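Remarks on the structure that follows.
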Amino acid sequence: MTDGQQTSRRSQAWFGARGRSGMLYRSWMRNQGFGHEVFDGRPVIGIATSASELAPCNAHLTRVAEAVKRGVWQAGGLPLQFPTMATGETLMRPTAMLYRNLMAMEVEELIRANPLDGVVLLSGCDKTTPAMLMGAASVDLPAVMVTGGPMLNGKYRGQDVGSGTHVWKFEEDLKTGRMTEEECFFAEGCMARSNGHCMTMGTASTMACVAEALGMQLPGSAAWPAVDSRRMETAQAAGQRIVGMVEEELRPSRILTREAFENAVRVNAAIGGSTNAIIHLAALAGRVGVELSLSDFDDLARAVPTLVNLMPSGTYLMEDFCYAGGLPAVLAELLGGDLLHGDQITVTGRTVAENTEHAERVDSDVITRLDAPFQPAGTGIAVLRGNLCPDGAVIKQSAASPHLLVHRGPARVFDSPEAYHEVADDPDLDIDENSVIVIRNAGPKGYPGMPEVSNVPLPAKLLKAGVTDMVRVCDGRMSGTGYGTVVLHVAPEAAVGGPLALVRDGDPVVLDVPNRTLRLDVDDVELTRRRQGWRSPAERYDSGYTWLYTQNVEQADRGADFGFLRGSRGHEVPRDSH
């Protein structure tokens with residue numbers, strides 16, 4: 001390697017320095033047993049791992065990191081593993097979403113502050129993937145994503161069960177007496193029987209597929225189960241590839257273009273992906289300066305049918321999806337229908353079209369064809385507008401009940417999810433199947449953190465009467481594993497004075513998904529009168545991270561990022577003290 005090549009490496013500002021500075025950097029690294037030859041100018045690759053036993057979906061990532069290291073060494077790089085926080089939705093309170101932006105900040109600053117030429121991002125649970133992508137995009141050093149993979153299919157009494165999705169189903173069965181407490185306890189272990197994230201097309205699986213659709217993950221790598229040996233092969237290949245990306249200066253800014261985001265939006269529609277992808281893609285687009293509006297998610301997806309027959313919208317699980325051909329088979333099908341930008345560059349250095357040239361669909365029941373789709377075009381995520389959501393709201397049509405997509409009913413209003421849960425099992429609750437359950441103060445600022453609480457279970461008395469779905473409206477989110485006729489992400493949220501704050505019991509709520517509207521059938525004069533009497537909730541936090549969050553978080557339609565984090569800040573270190 002020539003002197004010119006050596007000094008061009010970002011890491012050489014540390015390890016190639018002369019005198020005291022270089023000695024200081026190199027000598028401390030050598031206490032780990034590295035020989036002097038690893039500081040010869042080779043690419044230094046960071047392996048950012050969110051492995052944590054507090055985030056069960058990410059607990060196995062330490063082993064994945066070892067596979068990445070092998071690949072980096074094989075390609076002539078120096079791998080250096082470092083930890084990041086893990087935002088595990090399964091345990092964190094009040095919600096992992098509260099900490100997505102904090103994790104993105106940490107990832108960004110760790111990459112920038114250290115002698116790295118490129119980075120491999122190891123994620124698992126659903127907030128870790130967008131957080132890492134957001135942080136890496138804001139630094140704009142070569143980066144490749146490696147997600148940890150889904151769990152194996154759950155098995156319970158001869159049937160496949162899906163993580164998350166069957167939690168809601170079993171809860172309903174328990175309330176209606178179809179399951180006992182003992183049976184539910186046993187089913188828990190049947191549902192989560194290996195390392196990995198949710199094996200339904202929940203948010204974790206969705207964001208893994210979205211990362212691949214964006215071009216930030218190696219082809220086919222989103223779907224391999226966490227415990228499949230090919231998950232480790234993929235990780236090793238990513239370690240090899242990141243060294244090449246450093247040589248080619250292939251940065252996120254070259255990959256994450258407007259066309260890449262359009263591809264991701266359409267892929268999310270085709271896979272029946274989570275509504276949470278909207279929040280995360282909007283935030284990521286803001287980091288790279290790509291204009292991506294809430295309306296784009298409706299406009300771009302209208303022509304795309306749902307091709308993937310997976311829970312919660314369908315029958316199968318991620319293991320089946322993987323063996324049926326995985327995301328490359330979906331991309332190839334969409335490319336055949338001229339629904340993707342095939343010339344988009346990816347982390348491979350090749351285009352989407354080149355990556356999927358040999359993709360094969362081997363099960364047309366799991367991954368259907370464009371001319372015989374699982375659900376027709378226009379049945380994916382819909383963006384609603386109206387006097388109840390002037391800045392938009394979303395609904396996942398493929399997981400909703402068709403007979404409720406056009407509905408008018410009286411509002412039954414609850415000022416928090418907890419207020420609803422307190423009375424949901426009351427046999428005398430004043431509610432019927434035509435009512436519209438309104439849950440407010442669950443948005444980014446109001447909760448805070450916009451938790452996955454919108455798909456509240458139906459009142460026990462209605463479940464026992466055989467009611468299986470109701471319209472629910474909320475300024476919070478819903479788990480990607482959830483289902484039902486649930487209107488989400490109502491913006492502006494109630495806590496900042498959005499119209500949801502003005503709804504009263506009995507007000508007629510009109511939902512018309514085909515015409516993309518959600519409105520309150522109350523005249524403007526009355527709404528104006530109510531607004532004059534509305535008072536902003538008292539601030540609950542005056543210090544700490546939660547204060548920072550509530551003071552700076554943007555609304556759902558803008559991705560719930562911090563305004564001061566929009567845009568890229570590059571990889572230059574502000575000042576070197578040595």
Side-chain angles (χ1 to χ4, degrees), residues 168 171-172 175-176 275 384 386-390 393-396 399-443 446-447 450-479 482-495 497-513 517-523 526-527 529-531 533-534 537 556:
W168 325 126
E171 180 185 40
E172 293 173 359
K175 286 190 173 187
T176 56
T275 49
L384 310 176
N387 68 349
L388 200 48
C389 53
V394 302
I395 185 171
K396 186 175 179 178
S401 298
H403 73 280
L404 291 175
L405 294 178
V406 177
H407 181 79
R408 176 189 171 95
R412 187 67 171 86
V413 183
F414 300 91
D415 284 328
S416 68
E418 292 78 11
Y420 172 76
H421 287 295
E422 286 177 5
V423 299
D425 293 337
D426 185 348
D428 297 320
L429 181 64
D430 182 18
I431 197 168
D432 63 33
E433 63 187 284
N434 294 312
S435 301
V436 174
I437 299 174
V438 175
I439 307 288
R440 61 191 176 199
N441 299 312
Y447 198 76
M450 203 180 179
E452 296 179 344
V453 296
S454 299
N455 60 322
V456 292
L458 304 192
K461 74 173 191 178
L462 296 182
L463 285 171
K464 291 175 181 177
V467 178
T468 58
D469 198 6
M470 293 173 66
V471 175
R472 285 151 280 179
V473 177
C474 185
D475 48 11
R477 298 180 300 114
M478 177 174 79
S479 168
Y483 53 89
T485 310
V486 189
V487 178
L488 313 155
H489 309 181
V490 172
E493 63 176 303
L500 206 63
L502 310 179
V503 184
R504 295 182 178 176
D505 281 341
D507 286 348
V509 175
V510 183
L511 172 66
D512 187 345
V513 176
T517 59
L518 174 70
R519 61 186 179 87
L520 195 64
D521 200 359
V522 175
D523 65 61
E526 172 62 14
L527 290 178
R529 186 184 69 79
R530 293 182 190 180
R531 179 165 298 284
W534 180 80

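Side chains included, hydrogens not; waters and symmetry mates left out as well; all remaining heavy atoms used. Residue indices begin at 1 and follow the sequence shown. The model shown is predicted, which means the values in this text are computed figures rather than measured ones.
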Keeping to residues at least two apart or across chains, list the salt bridge (charged side-chain N to carboxylate O under 4.0 Å, His left out) pairs with something in [range].
range	result
residues 461-478	Glu89-Arg477, Glu452-Arg477, Asp469-Arg472
residues 421-430	Lys175-Asp425
residues 399-418	Arg408-Asp521, Arg412-Asp505, Asp415-Arg440

Measure the [atom1]-[atom2] distance between [X] and [Y] for me, rounded to the nearest 0.5 Å.
X	Y	atom1	atom2	answer
Arg519	Cys389	CZ	SG	11.5 Å
Leu463	Leu458	CG	CG	4.5 Å
Ser479	Asn455	OG	CG	7.0 Å
Leu520	Leu502	CG	CG	8.0 Å
Asn441	Leu500	CG	CG	8.0 Å
Lys396	Met478	NZ	CE	6.5 Å

What is the minimum heavy-atom distance between [X] and [Y], and which atoms define it?
X	Y	value
Pro537	Ala495	CD-O, 3.5 Å
Pro459	Met470	CD-SD, 3.9 Å
Ala393	Val487	CB-CG1, 3.7 Å
Ala501	Ala494	CB-O, 3.6 Å

Heavy-atom side-chain proximity of [X] to [Y] below 4.5 angstrom:
X	Y	result
Ile437	Val456	yes
Pro508	Pro410	no
His421	Ser416	no

Can you tell me if [X] uses its side chain to pair, donor with acceptor, with the backbone of [Y] under 3.5 Å?
X	Y	answer
Tyr420	Val413	no
Arg531	Gly497	yes
Asp432	Ser435	yes

| request: Kindly indicate, with the supporting measurements, whether the criterion salt bridge (charged side-chain N to carboxylate O under 4.0 Å, His left out) is fulfilled by Arg529 and Asp523. | output: CA-CA 10 Å; Arg529 186 184 69 79; Asp523 65 61; over 6 Å; no
| query | Do you know which of Val406, Thr485, Leu404 makes side-chain contact (heavy atoms from CB on, under 4.5 Å) with Leu511? | reply | Thr485
